[in-house]
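Worth knowing before you read on, the calculation uses all heavy atoms, side chains too, and leaves out hydrogens, waters and symmetry mates. Numbers restart at 1 for each chain; the letters A, B, ... are given by sequence-line order, proteins then strands.
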10 protein chains.
Amino acid sequence: MMNHETMTATILTAKNEKGYTWEQLAESIGMSPVWTASCCYGMNTMLEDQAKGLCKTLNLGDDVAQTLQSCPHKHWDNAVPTDPLIYRIYEACMIYGDSVKDIIHEKFGDGIMSAIDYKMHVDRVEDPKGDRVVITMDGKFLPFKRW
Amino acid sequence: MMNHETMTATILTAKNEKGYTWEQLAESIGMSPVWTASCCYGMNTMLEDQAKGLCKTLNLGDDVAQTLQSCPHKHWDNAVPTDPLIYRIYEACMIYGDSVKDIIHEKFGDGIMSAIDYKMHVDRVEDPKGDRVVITMDGKFLPFKRW
Amino acid sequence: MMNHETMTATILTAKNEKGYTWEQLAESIGMSPVWTASCCYGMNTMLEDQAKGLCKTLNLGDDVAQTLQSCPHKHWDNAVPTDPLIYRIYEACMIYGDSVKDIIHEKFGDGIMSAIDYKMHVDRVEDPKGDRVVITMDGKFLPFKRW
Amino acid sequence: MMNHETMTATILTAKNEKGYTWEQLAESIGMSPVWTASCCYGMNTMLEDQAKGLCKTLNLGDDVAQTLQSCPHKHWDNAVPTDPLIYRIYEACMIYGDSVKDIIHEKFGDGIMSAIDYKMHVDRVEDPKGDRVVITMDGKFLPFKRW
Amino acid sequence: MMNHETMTATILTAKNEKGYTWEQLAESIGMSPVWTASCCYGMNTMLEDQAKGLCKTLNLGDDVAQTLQSCPHKHWDNAVPTDPLIYRIYEACMIYGDSVKDIIHEKFGDGIMSAIDYKMHVDRVEDPKGDRVVITMDGKFLPFKRW
Amino acid sequence: MMNHETMTATILTAKNEKGYTWEQLAESIGMSPVWTASCCYGMNTMLEDQAKGLCKTLNLGDDVAQTLQSCPHKHWDNAVPTDPLIYRIYEACMIYGDSVKDIIHEKFGDGIMSAIDYKMHVDRVEDPKGDRVVITMDGKFLPFKRW
Amino acid sequence: MMNHETMTATILTAKNEKGYTWEQLAESIGMSPVWTASCCYGMNTMLEDQAKGLCKTLNLGDDVAQTLQSCPHKHWDNAVPTDPLIYRIYEACMIYGDSVKDIIHEKFGDGIMSAIDYKMHVDRVEDPKGDRVVITMDGKFLPFKRW
Amino acid sequence: MMNHETMTATILTAKNEKGYTWEQLAESIGMSPVWTASCCYGMNTMLEDQAKGLCKTLNLGDDVAQTLQSCPHKHWDNAVPTDPLIYRIYEACMIYGDSVKDIIHEKFGDGIMSAIDYKMHVDRVEDPKGDRVVITMDGKFLPFKRW
Amino acid sequence: MMNHETMTATILTAKNEKGYTWEQLAESIGMSPVWTASCCYGMNTMLEDQAKGLCKTLNLGDDVAQTLQSCPHKHWDNAVPTDPLIYRIYEACMIYGDSVKDIIHEKFGDGIMSAIDYKMHVDRVEDPKGDRVVITMDGKFLPFKRW
Amino acid sequence: MMNHETMTATILTAKNEKGYTWEQLAESIGMSPVWTASCCYGMNTMLEDQAKGLCKTLNLGDDVAQTLQSCPHKHWDNAVPTDPLIYRIYEACMIYGDSVKDIIHEKFGDGIMSAIDYKMHVDRVEDPKGDRVVITMDGKFLPFKRW
């Protein structure tokens, strides 16, 4: 079976050569851009139809489609991200962590926002003072079980 | 001058005794809950009116109001958060980091979402399968300067 | 409000002086031992009745009961535990991590065992070759959402 | 001699191509799934019969069988696991570590649960609110020697 | 697409063989030396004209020019730099960090110097006691938004 | 002798109460703001006249003046700074480190910019698109000795 | 209950004032020196008779005796020890780790030396070229269970 | 010259194919097993006769013998070992470190056990309750020089 | 017994008040400055006469003299030193480590420079181009034992 | 251009085959052994004559000579060295760091020993009790600038 690193590299090369955006690829399989990209980066798994659809769009073989369906070991190298774009999101998470935590507890009680039953969107919002990036994290509230 | 750790402890005790939520405190000074909480956690600074208004609501002295206006050295102890609620946000940031990065570059070009010209909201969205936590990160796009 | 460190120390001292086990304390409020201990260690929150019941059993004041109900910032100091008993559990988690992961994926598909909708039990099982510690981790399966 | 990384990759490829689950492979040699998988991941060693049996099932050569019998240097790269499924187990180990420790001491005295004389099982338990993952850690109690 | 590591190696080899300095290369595309070098090190992206101009000067192919235009994942291996020259800059940043922070707050209010809307220059200033390296960091002030 | 932590706290309190800026304090002793602040933060030492002058301005005792003249053990807690303002300077140092290094070598040969025979200034430069922070690092070039 | 840090400090002070060696203290309760010291450092627990005997010898109260019997959370601060004496033992463990591992596997099969059913002795062996420290680690062999 | 990684792999393969134990290899050159293994793992150097003798036994070439005589840069990747067998030795070193240190000081004065003028043995000691691994660390005492 | 932190603080205060240098203190007990200072920093132990002599010079009590004679647990907080002066020594150790190692092996064979049977001196050497710091590390060569 | 890793390997192989010591190689170009070795390890740069001279002695090509003249990015992998010989130097640096710092300040004032205008020598000094390694660090004193 093709490993996930090779799968990612193969997809990115094909995507780049054909000039697709993640939005276009996502649309071709009826899913959202962040999720579609995350599968290609080996951070999520597609269903058979989705994997085959994506490979058809990109003209890739069945080995890519199979790896897209197999559960990856999700990992990252740096506990603190270095890329400036990703670091800013990390920083916001650390700066506002306790504030967000308190407010979730006030609105829901003791529990968390799921990162599994979870959706994420990135939007461009026009603004005369400079357009804005709006990232939406949308996860099911999970209350801590008492037993 | 009161240091920021004492300021945070003083505010949290008063907030708890009087039974205010961050939403109520924020409303009392006409600001948003996440930002208001972040100031009280020593992660942002208030203007004079805001600081005095908050201290009036909580019946706190001028020393608290002054520290709320002075720029804190923002820091956190653990590069990887341990609290499950904050870890889930961190995890989402790491799992979806490259996907979000690609999509921002496709929508805006090379640059980042500012964590300074930045707003953040936490909402509860009702859902029959379980209510959802929706966190919105909203930052100005900043293109890398070429010089 | 009493902070969680003081709460833990107060409860442990009272528990020790009165000679209760976690099993007895848990029974007094109709809950399980691991969960009851975890609340007292500042890793979970009790409902009002549970907190008051525990404090009555231990003859502790209302400030303890209130802190038992407030959401703690859960943290630990060492990413790798040093205590031999806890290290053995960590080691098993690392040695068998990929094996357990594969088997969960084979039985359930892509997803995780929740650590929030989660129960944990510790039992002593008699064995002529030496009694055995049996730890049961019991968490709801959460499939990764596709969106 | 084939090294353990190559052995693991060879077995995973064969297992995937033939479509076996760990449960089926384990059954073919009369052992349990977690243990069988752990040997293939280079975290345990098989006896000669077990190794040959597994290689026969998967149609693999004698070099694989020999490496399955040789003691591996067990290692992992990240002290804190990043994969969400494995992290949740790690998190439970850290959140409930002191609670589990206390209860073991109350039930057995000073000592540990062995991670060597140790068995581990993963089960799927049906539940109308969502099926549950049940992981059982079963290790011999070892009292600290006094000398 | 050529990856950024190969791109950097290819450019450095060509630059070395032809004997160009960064200043000369920068001049050939009408930009500044630090920025030009940073693009070649995979830390910034060029516009099409700049990338093609640089490749023409160095007699490099279109694949290099394309990678110069694609957004890199910016990363570094050591959180604390080991090279003595870079360490000295890091050391100055840590030794004078709080002093610089205070003065920026006194001159501008709460906010930061942008590292995105940012320019950097390196100059040699003659001095009879030994010539001096003058590094200028020039970034837009960004005030923390209050919301 | 007063230790450096107490010295810093004493000076910051007095500075705050009297409402001085670092620029004003620096001017009172005929030195520059960054250097003056760095002495007060325990990162540099003053000569006797400077220390006494500063203490006179702030109405502080001789014990403060003496500690200002004694060589501190310079240290910081986090290898990677968390404060957003200081992190941005760190990030620029890491993103542009190799570029700056190459250019210094091209202009001077093998060596470093001294962080000891070193001056640093912070300026506010007006700009219609947003005023800019300009930080100047100015250190003597030190060539590596060959022996 | 007295915590373990206070217990250790109390015992060390008394031991020092009365001029006892660990060997003498160990003899007074019929145990060995390393184990006796380890209990006093909060790394092992004594039985009631041993604890009371030690406290009688050192003229210490019942609170010390009780803490000596309660299971400590064993921890150390530095993953790599800095003290030269302890570092040398750590270094030997790392330099000879794989060699010792191989030889144990050759003599016993796959398994480990227990650190729980474990004894340790320190002896002085006279030698004309310089007396030698002989440390004996003596642990039960535990074979990995196959299940 | 053959590097030490290749040397180790070459020796281990030959040792495995010919079915030698470290004890047998050590005997063939009149040395001890731990030391012989440590040379083959690149942690010590042999004299010419020893290196040639070992290579003759294993039927290996002169390049292996030469590398066995050259001083390696001794290194290990993980400051905290992950292999359970080696971790147990590490754990014992950390749990009993201060106890062993005190006893050595009481028996010898201020100094250390040398890890250079050092011998190490591994023995199997029969025991009806389970055979025991006995590791002997035997190093010259080195008193701290006073000058 | 006075602990070593208090001992160090007490000595440094007395030394400062009386205006002694380490050279003068060392001379008063007939020892060298680096060693004398290291004892006072809790990194070495004095003999009774030396400890009493130093305390007499500084007019300190017997408790200081006793702690000066007791073996300290030597430790440091930062694996990489931050103080610029100490960092430069660390840097030289890392930059020239392999070179020094090779040359020692060429001059002595396989072994090390002892850090225990070790002396260290700091000298000021006049030089018209700027006086020089000369640090001499002088340790007994210890050959690796073969056994 | 040949990279520095290849350059180092090429030189070490040639040096080994021809049987030169660093002392002999250094003499052949009229420089010192530590510096000559450091250039070959990619930690310093040679002038053209030195590089060509060394390559002539070792019969190496012009590509090696060119890389010897180009400024390397100096780096090391482990912040704390593991090789026993290098660790001992590191340990001495950490154990005696504050003592050396104080004495330099007493002899020179506030400043550092340069690691750039720096020379280092390794000598063998005969001693009837065992020959000694003497390492001399000789760096220009650099006073902290006041500005």
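- Contacts of residues 50-79 of chain H with chain I at a heavy-atom distance below 4.5 Å involve Q50(H), C71(H), P72(H), H73(H), K74(H), listed in sequence order.
- To the nearest 0.5 Å, the span separating OH on Y118(I) from CH2 on W147(H) amounts to 7.0 Å.
- The contact between M46(H) and chain I is made entirely by backbone atoms, counting heavy-atom distances below 4.5 Å.
- Taken to the nearest 0.5 Å, the CZ atom of F144(I) stands 3.5 Å off from the CD1 atom of I116(H).
- Taking 4.5 Å as the heavy-atom cut-off, the residues of residues 93-104 of chain I that approach chain H are D98(I), K101(I), ordered by number.
- Counting heavy-atom pairs closer than 4.5 Å to chain I, the top residue among V34(H), L47(H), T36(H) is L47(H).
- Open room surrounds CD on E27(I); 12 or fewer heavy atoms of other groups in view lie less than 6.0 Å from it.
- Here CZ of R146(I) is found 10.0 Å from OG of S38(H). Values are rounded to the nearest 0.5 Å.
- Comparing I112(I), L142(I), T45(I) by how many heavy-atom pairs each has under 4.5 Å with chain H, the most go to T45(I).
- Counting heavy-atom neighbours within 6.0 Å of D49(H) CG, excluding the residue itself, gives a total of 12 or less.
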